[in-house]
Student: 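I'd like to ask you about the structure that follows.
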Amino acid sequence: MCHGFSVPGPARPRHPSFRLIEEFRTARDDRGLRCWLSELIGEARSEALLTDESFGDRARRGLELLDSKESRRLLWAAGNPARQPDVGRFMRKWLIVSAVALLLLVGSGVGLYVLMNSRTFQLFGGLTYRVDTDEKVVALTFDDGPSDKGPSIEKALAGLRVPATFFLIGSEMEKHPGVAERLVAQGDQLGNHSYSHTRMVFVGADFVASEIERTDALIRRAGYGGEIVFRPPYSKKIYQLPKYLADHGRKTITWDVEPDSDSGDPASDNPNAIASTTLDQVRPGSIILLHPWNADHDADLAALPRIVDGLRAKGYRFVTVNDLLTTH
C-alpha cells in the first residue's frame, strides 16, 4: 500500500483506461506516481485489463511521462507476471561472460608475447637456433656492430684464428665505413640485423622490406658475396617479418647460448663467468651470441680467448653460420 499519496480526483472506476492520461498529467509527486502506477498495473493485471488494446495504448503513453528505465520495467512486469527479470541471474551471467572474455584476452596476450620472443619458433619460414648434429662444431656470432671497437675485435679474431658471423646494423655500417670490408677480407660472414635495430613486431610490410633491403645493399657493397641470413633485433617477430623472410626464401638465425644476456647480472661483466657459462651450455651445433661491439660489453671481448681455448680443449671446431647450415 502506498502512503502519503492519493490519486487526484474521485475514486477510480473499475476500468481505469479513460482516466489514465488525465491522472498522469495532474500527478505532481513523482515518487507517489510510481507507487500509484505500480498499484494500478497490479490491479490491471489481476483483472486482465492489459489485454484491452485501448488501455495498453494509453498506459504506454502515460508511462512516457516517467523515467524511461523505470517505465519499461513496470510495463514489462505488468505484461509478464510469470517472467519477472532475475537481476541476480543476469549479473551472474554478466560476470561469467566478463571473466571468460578477460581470460581469453590474457591468454591471447601471453601467447602473443611468447610467440614474439621465441628463439625456436616463428609463424613462417625456417628458423635455426642450433643445428642437430653429433659433430663438435660451433658458430660464434656477434651482434649490433660495427662500432669504434672494430680494430680490437678484428685483432682478437685474427689472433685466435677463428671465423665468426657478424650480424650488422645498416645504420651503424654507414657510420663506421670500412669495418665490414675488413671483416669480409678476414674471411668472416656478414649477416643482416636490420637497418635501425627496431623491434620488428607491430610494423608494416613496407617497413620490414626497407629495413632488410637497405642493409642487404650495404652488405653487398662491402664485398660479401655469400648468402645473407637474418637475425631479428632482440629476436622479436610476429607476422610481417617472418612472412617477408619466408616469401623471399630467407633464413632466420637466433641462438641457443647467450652468456651475456642479462645486463643486470653481475656475471655479464665478468669475463670468467661469461666463459664458464658458455663452456657449460655449448652443445654440438650450438650458435653462440656475444655483443662485443657494445660499449658496455668489454667483458665479452675479454672472455673470447677463454671461450675459444676452452671449447677447443673439448674438441670443438669453429665455423660460420652458413657453414654450419650447409654442411651439418
Side-chain angles (χ1 to χ4, degrees), residues 128 137-198 200 207-235 241 244-245 248-255 258 260 287-305 307-308 311-312 317-327:
T128 301
V137 289
V138 62
L140 187 63
T141 69
F142 298 149
D143 275 11
D144 300 347
S147 72
D148 294 333
K149 296 169 71 175
S152 58
I153 294 174
E154 297 162 23
K155 182 178 179 180
L157 290 176
L160 292 168
R161 302 185 309 281
V162 292
T165 301
F166 292 88
F167 288 94
L168 302 181
I169 301 169
S171 60
E172 295 300 322
M173 294 178 69
E174 292 177 336
K175 294 176 184 176
H176 301 88
V179 177
E181 287 81 355
R182 292 194 297 272
L183 294 175
V184 172
Q186 193 167 275
D188 296 312
Q189 177 183 343
L190 303 188
N192 190 323
H193 200 37
S194 81
Y195 182 82
S196 63
H197 204 254
T198 300
M200 299 172 73
F207 179 84
V208 170
S210 175
E211 287 282 310
I212 294 175
E213 292 167 10
R214 292 172 71 184
T215 306
D216 280 349
L218 291 167
I219 290 173
R220 292 302 185 206
R221 197 179 305 161
Y224 180 72
E227 180 181 1
I228 302 177
V229 294
F230 186 84
R231 175 171 283 169
Y234 310 101
S235 188
L241 175 59
Y244 175 93
L245 295 171
H248 292 79
R250 303 288 292 270
K251 296 183 179 72
T252 303
I253 306 298
T254 55
W255 61 90
E258 186 184 11
D260 64 348
I287 299 176
I288 303 169
L289 168 60
L290 294 171
H291 300 84
W293 297 106
N294 298 344
D296 57 347
H297 280 266
D298 289 339
D300 286 25
L301 192 58
L304 192 57
I307 292 172
V308 172
L311 289 176
R312 279 178 171 162
R317 179 169 58 90
F318 290 87
V319 297
T320 64
V321 167
N322 279 355
D323 286 341
L324 188 66
L325 295 176
T326 57
T327 60

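All values below were derived from every heavy atom in this structure, side-chain atoms included, with hydrogens, water molecules and symmetry-related copies excluded. The residues of the chain are indexed from 1 along the displayed sequence.
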Student: Which residues satisfy the side-chain contact (heavy atoms from CB on, under 4.5 Å) test with Val184, sequence neighbours excluded?
Tutor: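 side-chain contact (heavy atoms from CB on, under 4.5 Å) list for Val184, sorted by chain: Leu190, Tyr224.
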Student: Which value, rounded to the nearest 0.5 Å, describes the distance between His248 atom NE2 and Glu213 atom CD?
Tutor: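 Going from the NE2 atom of His248 to the CD atom of Glu213 covers 6.0 Å.
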Student: Taking all atoms of both residues into account, what is the closest heavy-atom pair of Phe230 and Phe167, and its distance?
Tutor: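 Minimum heavy-atom contact is C-CE2, 4.1 Å.
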Student: Establish, yes or no, whether the cationic atom of Arg214 lies under 6.0 Å from the six-membered ring centre of Tyr195 and within 45° of the ring axis.
Tutor: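 Yes, a cation-pi geometry holds between Arg214 and Tyr195.
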Student: Considering the options Val229, Ile228, Leu183, which one meets the side chain to side chain contact (heavy atoms under 4.5 Å, CB included) requirement together with Gln189?
Tutor: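 So, applying the side chain to side chain contact (heavy atoms under 4.5 Å, CB included) to Gln189 and each of Val229, Ile228, Leu183, only Val229 qualifies.
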Student: Has Thr141 got a side-chain atom pairing as donor or acceptor with Ile288's backbone, closer than 3.5 angstrom?
Tutor: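 The answer is yes, because a donor-acceptor pair under 3.5 Å joins these two groups.
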Student: When rounded to the nearest 0.5 angstrom, what distance separates OG1 in Thr252 from CZ in Arg231?
Tutor: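 Answer for the OG1-CZ pair, Thr252 versus Arg231, is 11.0 Å.
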Student: Within this structure, what is the CG-OG distance for the pair Leu157 and Ser152, rounded to the nearest 0.5 Å?
Tutor: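 If we round to the nearest 0.5 Å, Leu157:CG and Ser152:OG are 9.5 Å apart.
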Student: Any heavy-atom pair between the side chains of Thr128 and Leu324 that's under 4.5 Å?
Tutor: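 A side-chain contact under 4.5 Å is absent here.
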Student: With a 3.5 Å distance limit and no angle check, can you tell me whether Asp260 reaches the backbone of His291 through a side-chain donor-acceptor pair?
Tutor: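 Confirmed, Asp260 side chain pairs with His291 backbone.
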Student: Could you tell me if the side chain of Arg312 sits less than 4.5 Å from the side chain of Val162, heavy atoms only?
Tutor: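 The answer is yes, as the side chains (C-beta and beyond) meet within the 4.5 Å cut-off.
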Student: Would you call Asp323 and Arg317 a salt bridge, taking side-chain N to carboxylate O under 4.0 Å as the test?
Tutor: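 Salt bridge flag = no for Arg317 with Asp323.
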Student: What's the shortest heavy-atom distance between Ile307 and Phe318, and which atoms?
Tutor: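 It is O-CZ, 4.4 Å.
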Student: Mind checking whether Leu245 and Ile212 have side chains closer than 4.5 Å, heavy atoms only?
Tutor: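 Result yes, sub-4.5 Å side-chain heavy-atom pair found.
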Student: Is any side-chain heavy atom of Thr215 closer than 4.5 Å to a side-chain heavy atom of His193?
Tutor: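 No, every pair of side-chain atoms sits at 4.5 Å or beyond.
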Student: Please report the shortest heavy-atom distance between Ser196 and Ser171, naming the atom on each side.
Tutor: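 Looking at all heavy atoms of both residues, the closest pair is CA-OG, 4.3 Å.
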Student: Nearest 0.5 Å please: distance from the CG atom of Asp144 over to the NE2 atom of His297.
Tutor: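 If we round to the nearest 0.5 Å, Asp144:CG and His297:NE2 are 8.0 Å apart.
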Student: Is there a donor-acceptor contact under 3.5 Å from the side chain of Asn322 to the main chain of Glu227?
Tutor: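 It does hold such a pair.
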Student: Between Thr165 and Val321, is there a donor-acceptor pair closer than 3.5 Å when you use the side chain of the first and the backbone of the second?
Tutor: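 Yes; at least one donor-acceptor contact below 3.5 Å.
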Student: Over all heavy atoms of both residues, which pair between Ile287 and Trp255 is shortest? Give the atoms and the distance, please.
Tutor: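 Where Ile287 meets Trp255 most closely, the heavy atoms are O-CB, 3.4 Å.
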Student: For the residue pair Gly150 and Trp293, what are the closest heavy atoms and their distance?
Tutor: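 Taking every non-hydrogen atom into account, CA-CZ3, 3.4 Å.
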Student: Is there a side-chain contact between Leu290 and Leu301 in this structure, where contact means two heavy atoms from C-beta onward sitting under 4.5 Å apart?
Tutor: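 Heavy-atom side-chain distance check fails, nothing below 4.5 Å.
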Student: Determine the minimum heavy-atom distance between His197 and Ile169, stating which atoms define it.
Tutor: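 Taking His197 first and Ile169 second, the nearest heavy atoms are CD2-CD1, 3.6 Å.
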Student: Between Pro305 and Leu160, is any pair of side-chain heavy atoms under 4.5 Å apart?
Tutor: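 SC-SC contact between Pro305 and Leu160 confirmed.
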Student: Report yes if the side chains of Ser147 and Asn294 come closer than 4.5 Å at any heavy-atom pair, otherwise no.
Tutor: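 Side-chain contact under 4.5 Å: no.
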Student: Under 4.5 Å between any side-chain heavy atoms of Met173 and Ile219, yes or no?
Tutor: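 SC-SC contact between Met173 and Ile219 confirmed.
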Student: Take Asp188 and Glu154, measure what side chain to side chain contact (heavy atoms under 4.5 Å, CB included) needs, and give me the verdict at the end.
Tutor: CA-CA 10 Å; Asp188 296 312; Glu154 297 162 23; over 6 Å; no
Student: Can you measure from CD1 (Ile253) to CG (Leu289) and round to the nearest 0.5 angstrom?
Tutor: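 One gets 12.5 Å once the value is rounded to the nearest 0.5 Å.
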Student: Any salt bridge (Lys or Arg N to Asp or Glu O under 4.0 Å) involving residues 163-174? Give me the pairs, sequence neighbours left out, ordered by first then second residue.
Tutor: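 Salt bridge (Lys or Arg N to Asp or Glu O under 4.0 Å) check on residues 163-174 returns Glu172-Lys175.
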Student: Could you grab the distance from atom OH of Tyr244 to atom OG of Ser210, nearest 0.5 Å is fine?
Tutor: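 One gets 9.5 Å once the value is rounded to the nearest 0.5 Å.
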